[in-house]
Structures are given as structure tokens and as C-alpha cells.
Amino acid sequence: MTDEIYDLGHGFWSIRGSFIKNGIIDIGVQSALIKMASGRFIFLDSYTLTGDVRQQVMDLTNDGHDVEAVLNVHPFHTVHCAQMAQDFPQATFYGSSRHREKIPSVSWSEDLVESDAVTERYAELDFSLPKGIYYISPNDAVHASSLLVYHAPSQSIYVDDTFEIPPSKLFNTVQPSLGLHPTTQQALKNEPNAGKQYCDWATELAHKWSDTRYFCGAHSGLVEFGEGRFKTALLSAIDVARSELQSS
């Protein structure tokens, strides 16, 4: 897979990269570059930038000097953090407790990426952490949760794993379908009504971010929704899964 950068407008660039799973299949990976009102930039997630994509990013960010932070929103996406820290040494790096544990060579901020402090610091973005499931699952094979980010000016939702688009759907699809991560049920917390908490959270999100136009998924690719289609697709996915999740 060739690295690509897509300008979604209003200061949001989706970066699509390569990730080879089990040495066989390229399932893809993502990052995003966002220009804040201050004129400075932040990244969502770390990725090793190369070639034309790296040059475009450097041109936009004054050779990287205008990058103020990298927000690593998925606790299990850690492969590129060390290299990103070398490429942007002046940036503040935010991550989960798992990022700190797995990549101690990075000088992590004391504020966790999912903390209220980060939410308040970057109030130009809208953040949402799934309810009812573990953010960092005790099972390393369960990656259903991530910190979701919505960029209202470009109507872009940034999702690592939590929601997925079937691989048959391509960029500019008018009516894409949406699914939950296959390990969502395994990610449920061991507490009463965990499944209901998750379904209620996702339902609320569908309404709150109903204006979503661009879906940036870690392994699903970049998909464009028609007006109102994201809300419909997410509500449909929850309706399909609700019985099973709430009976767990």
C-alpha cells in the first residue's frame, strides 16, 4: 500500500499508511494532521512519514517546527511512536498508560491522552471514549476501544478500530455500511449493564456526530458518507448487535 495524504478541508489531512499484519496482509493504518486555530498543528496517532507524504507534511508545518503535539488515541497502536518522537522532538506526546509502559523511550506528557486535561486543552476537537468496554483490555488481542475524535469544521470522524467499514467499500461510497469491531463483546467490562452502557453511548454518539461526512478508520480506509448516512449506519449497527451485547 502506498502512503497517501488527503486534504479533507478546513485544516484536516487524513494520512493513510501501511501496516503488515503477521507478515502477510497489509491492513493499513492511519494518522491525521490538524491545523488548530492558533496556526499550529497536532497529529492524531503516530506514523513514520516517508517520501512525498513526509514532504507535504513538512511543507505544511514549517519543517515540523509548528507541530505542537501528537495525540496517540489507541492504546494498542504503538509501533510508530518512537520514530515519530524522533521526527518531531519539540512536540508534546500524549498517550495512554499502555503507551508509557510499552514505549518508555518517548518523553510522554504526564496528562493521559484520554484525560480531561487534554480534552480541555484541545477543545476545538470533540473527544469520546466508549462506555461499557475496556479502553485498555486485559487481553492484548482485544482492540475494540479507542479514543474517538471528531473535527467539526471538516465533518471528519477519526476512529481506530472501534467502528469498521467492510473492506468492499471504497472512498466516495454514497451508502457505506458500518460495523462494530469484532472483539467488542470480549471488551465488555465485568460489571452490570456493560452492554447497555456501550449501546447507549454509541447511540448517543450517532446523534451527536450525525453531521459526519468523512469516516477515517484505522484499517477501514477513508470513506465519505452521504448526508445523514453516518447516523443511520451506526444506529443500524447497534440495533444488530444490541441483543447479543446486552445479554453478555
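A donor-acceptor pair under 3.5 Å links the side-chain atoms of Asn72 to the main chain of Ser46, judged by distance alone. Judged purely by atom type and a 3.5 angstrom limit, Gln90 uses its side chain to pair as donor or acceptor with the backbone of Gly64. Ser236 contributes no side-chain N or O that, together with a main-chain N or O of Thr232, makes up a donor-acceptor pair within less than 3.5 Å. For Arg229 (side chain) and Thr212 (main-chain N/O), no donor-acceptor pair under 3.5 Å exists by modelled atom type. With hydrogens and angles disregarded, no donor-acceptor distance shorter than 3.5 Å links the side chain of Gln56 to the backbone of Ile5. For the pair Thr162 (side chain) and Ala144 (backbone), a donor-acceptor distance under 3.5 Å is present.
The shortest side-chain heavy-atom distance between Thr61 and Leu33 falls under the 4.5 Å cut-off. Residues Asp111 and Arg121 are in side-chain contact: their nearest non-hydrogen atoms beyond the backbone lie under 4.5 Å apart. Counting only heavy atoms from C-beta outward, the side chains of Thr48 and Val79 never approach each other to under 4.5 Å. In this structure, the side chains of Asp160 and Gln30 come closer than 4.5 Å at one or more pairs of heavy atoms. Two residues are said to be in side-chain contact when any heavy atoms from C-beta on lie closer than 4.5 Å; Trp209 and Leu234 fail this criterion. With a 4.5 Å cut-off on side-chain heavy atoms, Leu8 and Leu222 count as touching.
The side-chain contact (heavy atoms from CB on, under 4.5 Å) search around Ser38 returns Met36, Arg40, Glu68, not counting sequence neighbours. Tyr158 meets the ring-ring contact (aromatic ring centres under 6.0 Å, His included) test with no other residue; sequence neighbours excluded. For the ring-ring contact (aromatic ring centres under 6.0 Å, His included) test, residues two or more places apart in sequence or in another chain that qualify with Trp201 are Phe163, Tyr198. In this view, Tyr122 satisfies the ring-ring contact (aromatic ring centres under 6.0 Å, His included) rule with no residue, not counting sequence neighbours. In this structure Phe41 satisfies the ring-ring contact (aromatic ring centres under 6.0 Å, His included) test with no other residue, sequence neighbours excluded. Residues that satisfy the salt bridge (Lys or Arg N to Asp or Glu O under 4.0 Å) test with Asp140, not counting sequence neighbours, are Arg98. Under the salt bridge (Lys or Arg N to Asp or Glu O under 4.0 Å) criterion, Lys196 pairs with Asp200, sequence neighbours left out.
Sorted by first then second residue, the ring-ring contact (aromatic ring centres under 6.0 Å, His included) pairs that include residues 228-247, not counting sequence neighbours, are Phe225-Phe230. The salt bridge (Lys or Arg N to Asp or Glu O under 4.0 Å) analysis of residues 41-54, with sequence neighbours excluded, yields the pairs Arg54-Asp87. For residues 205-220, the pairs satisfying salt bridge (Lys or Arg N to Asp or Glu O under 4.0 Å) are Asp126-Lys208, Arg213-Glu224, with sequence neighbours left out. Screening residues 183-192 for salt bridge (Lys or Arg N to Asp or Glu O under 4.0 Å), with sequence neighbours left out, gives no hits.
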Listing, residues 113-120 side-chain donor-acceptor contacts under 3.5 Å, not counting sequence neighbours, or none:
| from | atom 1 | to | atom 2 | distance (Å) |
| --- | --- | --- | --- | --- |
| Ser115 | OG | Leu112 | O | 2.6 |
| Ser115 | OG | Val118 | N | 3.4 |
| Thr119 | OG1 | Ser115 | O | 3.3 |

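Using cut-offs of 30° and 60° for the angle between ring planes, the His143 and His74 rings count as perpendicular.
Counting heavy atoms of neighbouring residues, nucleotides and ligands inside a 6.0 Å radius, atom CD of Glu227 does not exceed 12 of them. Annotation for Asn190: atom CG does not count as buried by contact number, only 12 or fewer foreign heavy atoms lying within 6.0 Å.
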- From CA spacing to verdict: side chain to side chain donor-acceptor pair (under 3.5 Å), Ser210, His207: CA-CA 5 Å; Ser210 62; His207 291 280; over 6 Å; no
- Task: Quick one: do His151 and Ser156 satisfy side chain to side chain donor-acceptor pair (under 3.5 Å)? Show the steps, please.
- Result: CA-CA 5 Å; His151 181 251; Ser156 299; 5.1 Å; no
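Of the N and O atoms on the side chains of Asp161 and Ser146, not one donor lies less than 3.5 Å from an acceptor on the other residue.
For the side-chain contact (heavy atoms from CB on, under 4.5 Å) with Ser31, the qualifying choice from Leu44, Val57, Ile15 is Ile15, the only one to do so. Between Phe43 and the options Tyr94, Trp13, Phe88, Phe93, a ring pair (Phe, Tyr, Trp, His ring centres under 6.0 Å) holds for only Phe88.
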